[in-house]
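Please read the structure below before turning to the comments.
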Amino acid sequence: RAVPFPFVASALFHTTSPFWRSQLNNRPRVEPQRMWHLVDARERVVGRVATEVAQLLMGKAKPIFRRDVDVGDYVVVVNAQHSVFTGRKLQQKVYRWHTPYPG
């Protein structure tokens with residue numbers, strides 16, 4: 001039985017079954033239309049700006065979003081030096097790292 005493209009997997013079929021997985025992987029590739037976004041970070045909280053930028057870079061708001069295809073947009077952040085940290089993060093935040101090598 002042929003499945004027309006594009007199709008919508010109904011709730012009756014589990015999308016992790018081998019048949020549906022093969023159909024999902026064989027979807028036609030769509031070239032994304034990339035847009036430029038200008039984000040002004042002046043007087044905005046750093047974490048919230050980072051979340052907004054991450055969503056735009058991944059393209060999660062687009063209807064053609066797929067995790068395995070890069071469909072994100074271009075983002076330019078201006079006035080990042082005027083962004084705001086909440087609480088006492090500038091004084092209390094400590095970044096630590098280590099290598100897997102002993103000694």
Quick check: closest heavy atoms across [X] and [Y], and the distance to 0.1 Å?
{"X": "R34", "Y": "K62", "answer": "CA-NZ, 4.3 Å"}
{"X": "A80", "Y": "A41", "answer": "CA-CB, 4.1 Å"}
{"X": "R66", "Y": "V71", "answer": "N-CG2, 4.5 Å"}
{"X": "D70", "Y": "P32", "answer": "O-CG, 3.8 Å"}
{"X": "R44", "Y": "D40", "answer": "CD-O, 3.3 Å"}

[X] with [Y], same ILVMFWY side-chain cluster at under 4.5 Å:
{"X": "M58", "Y": "V75", "value": "no"}
{"X": "V45", "Y": "F85", "value": "no"}
{"X": "L38", "Y": "W36", "value": "yes"}
{"X": "Y74", "Y": "V78", "value": "yes"}
{"X": "L57", "Y": "V39", "value": "yes"}

M35 and H37, any side-chain heavy atoms less than 4.5 Å apart: yes
Has Q33 got more than 12 heavy atoms of other residues, nucleotides or ligands less than 6.0 Å from its CD? no
